[in-house]
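I have placed the structure first, in the form of structure tokens, so that the comments after it can refer back to it.
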Amino acid sequence: MKIVLAARSPFNFQSTVHAHGWYQLAPWVWDEASHSLSRVEQLEDGRIVSLCFHGEGNKLVIETGERLSARQRDEVVHTASWMFALDADFEPFYARADAKPRLAHCRAGACGRLLRSPTLWEDVVKVMMTTNIQWSGTKRLVNALVQRFGEPSPDDPSCRTFPTPEAIARSREATLRKIGLGYRAPHLLKLARGVVAGEYDLDALKDPGLLTHVLRGRLLALPGIGPYAAHTLLFLLGRYDYIGVDTEAVRLVSKHFYDGRPVGEREINVVFDGWGEYKALAYWFWDYAGMGQ
DNA sequence: TTCCAGGGGTAGA
DNA sequence: TCTACCCATGGA
């Protein structure tokens with residue numbers, strides 16, 4: 001079954017997928033030969049389906065192995081629209097970026113969208129798995145969670161869904177430590193059990209009506225989520241007022257704006273302060289590669 | 001072997 | 001609000 005969705009222009013499937021590393025994390029599978037992205041997903045009625053995405057010009061194309069009911073199709077459309085931020089409008093950012101040489105590539109490249117997970121739960125867990133660890137370790141931990149706690153696809157049992165909060169909540173700290181999470185284990189367990197208990201309502205945080213600083217406070221209240229993780233999640237939620245400062249941000253900004261001198265969060269914010277509500281976009285899509293050295 | 005990674009929590013000032 | 005210290009694990 002094939003579903004074709006129109007996106008707000010400009011849209012570029014590949015630039016959306018490759019804007020950050022999520023496409024390398026399970027259960028996503030990127031196929032370089034066909035330039036398509038796949039994952040196994042469990043629908044609300046319990047059915048497990050395989051979804052394959054690719055781009056056709058300004059459109060997102062979804063292929064499903066089997067036929068879906070009308071309700072299932074609506075759910076897939078809704079989820080895909082969220083994951084690829086099909087309605088996102090970056091025109092105000094482009095209008096400013098056009099005049100800045102290092103950001104003038106953004107409009108033509110349709111920069112701005114970052115691939116999101118179907119649920120904020122999955123994005124929170126994945127961001128948590130990027131803290132104080134190398135990227136190869138993040139991939140290993142996320143894969144371990146999917147293999148250990150995900151539901152297998154009936155078509156191919158080696159492919160699994162991303163674990164639900166319930167599946168993690170039923171686990172034990174020792175089990176999570178054993179699969180390599182280390183000191184992150186109690187944070188993830190507390191998050192999962194809090195979500196199941198209704199203590200943390202992650203879906204409510206998608207509400208565009210929430211003020212950004214209020215949303216930031218709710219994210220910081222989640223276990224294992226500090227400033228870096230909260231700001232990264234704000235970016236995924238379409239709020240660009242804060243930069244997620246990690247070692248990579250420090251390295252880039254130090255090299256390109258401070259002549260290699262040591263910098264902290266304050267110095268990084270100074271550089272992009274003029275971008276206001278587009279600060280994180282300006283930082284993320286700044287063409288550091290074009291600055292030489 | 002040592003250092004540190006796409007940091008966060010906590011205690012103490 | 002800021003700083004010092006600890007935290008598990010694997011890669012470099």
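Letters go in sequence order (proteins before strands), and every chain restarts at 1.
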For [Y] together with [X], are the ring centres under 6.0 Å from each other?
{"X": "Tyr23(A)", "Y": "His18(A)", "result": "yes"}
{"X": "Phe257(A)", "Y": "Phe272(A)", "result": "yes"}
{"X": "Phe13(A)", "Y": "Phe84(A)", "result": "yes"}

*asked:* Please compare His187(A) and Trp135(A) by the position of their nearest nucleotide in DNA chain B and report the one closer to 5'.
replied: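 Taking each residue's closest nucleotide, the earlier one in sequence belongs to Trp135(A).
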
*Please determine, for the side chain of Tyr183(A), which listed nucleotide (dC2(C), dG7(B), dA12(C)) has the closest atom?*
dG7(B)

*Taking the side chain of Arg184(A) as heavy atoms from C-beta outward, which of dG6(B), dA8(C), dG11(C) is closest to it?*
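For Arg184(A), the side-chain atoms sit closest to dA8(C).
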
Within this structure, what is the [atom1]-to-[atom2] distance between [X] and [N], rounded to whole angstrom?
{"X": "Tyr242(A)", "N": "dG7(B)", "atom1": "OH", "atom2": "C1'", "value": "19 Å"}
{"X": "Leu188(A)", "N": "dG8(B)", "atom1": "CG", "atom2": "C1'", "value": "14 Å"}
{"X": "Gln134(A)", "N": "dA12(C)", "atom1": "CD", "atom2": "P", "value": "6 Å"}
{"X": "Glu248(A)", "N": "dC4(B)", "atom1": "CD", "atom2": "P", "value": "16 Å"}
{"X": "Leu252(A)", "N": "dA5(B)", "atom1": "CG", "atom2": "P", "value": "14 Å"}
{"X": "Met128(A)", "N": "dA8(C)", "atom1": "CE", "atom2": "P", "value": "15 Å"}
{"X": "Leu181(A)", "N": "dG10(C)", "atom1": "CG", "atom2": "P", "value": "11 Å"}
{"X": "Lys139(A)", "N": "dT9(C)", "atom1": "NZ", "atom2": "P", "value": "21 Å"}

Quantified in whole Å, what is the [atom1] atom distance between nucleotide [N] and nucleotide [M]?
{"N": "dC5(C)", "M": "dG6(B)", "atom1": "P", "answer": "24 Å"}
{"N": "dG10(C)", "M": "dG9(B)", "atom1": "P", "answer": "22 Å"}
{"N": "dG8(B)", "M": "dC4(B)", "atom1": "C1'", "answer": "16 Å"}

*Got a sec? Which of residues 215-235 of chain A come in under 4.0 Å of DNA chain B, heavy atoms?*
Leu222(A), Pro223(A), Gly224(A), Ile225(A), Gly226(A), Pro227(A), Tyr228(A), Ala229(A)

*Assess whether atom NZ of Lys139(A) is packed by more than 12 heavy atoms of other residues, nucleotides or ligands within 6.0 Å.*
yes

*With sequence neighbours excluded, what pairs up with His20(A) under the side chain to side chain donor-acceptor pair (under 3.5 Å) test?*
none

*Which part of the nucleic acid, if any, lies within contact of Trp22(A), taking any heavy atom under 4.0 Å across all strands shown: a base, the sugar-phosphate backbone alone, or nothing?*
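No contact.
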
*Phe11(A) and Phe93(A): same hydrophobic cluster, using ILVMFWY side-chain contacts below 4.5 Å?*
yes

*Quick one: is Arg140(A) getting a side-chain N or O under 4.0 Å of the dT9(C) phosphate, OP1 or OP2?*
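For dT9(C), OP1/OP2 do not have a side-chain N/O of Arg140(A) under 4.0 Å.
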
*Give a yes-or-no answer on whether the side chains of Thr130(A) and Tyr228(A) include a donor-acceptor pair shorter than 3.5 Å.*
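Their side chains do contain a donor-acceptor pair, which is all the 3.5 Å distance test asks for.
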
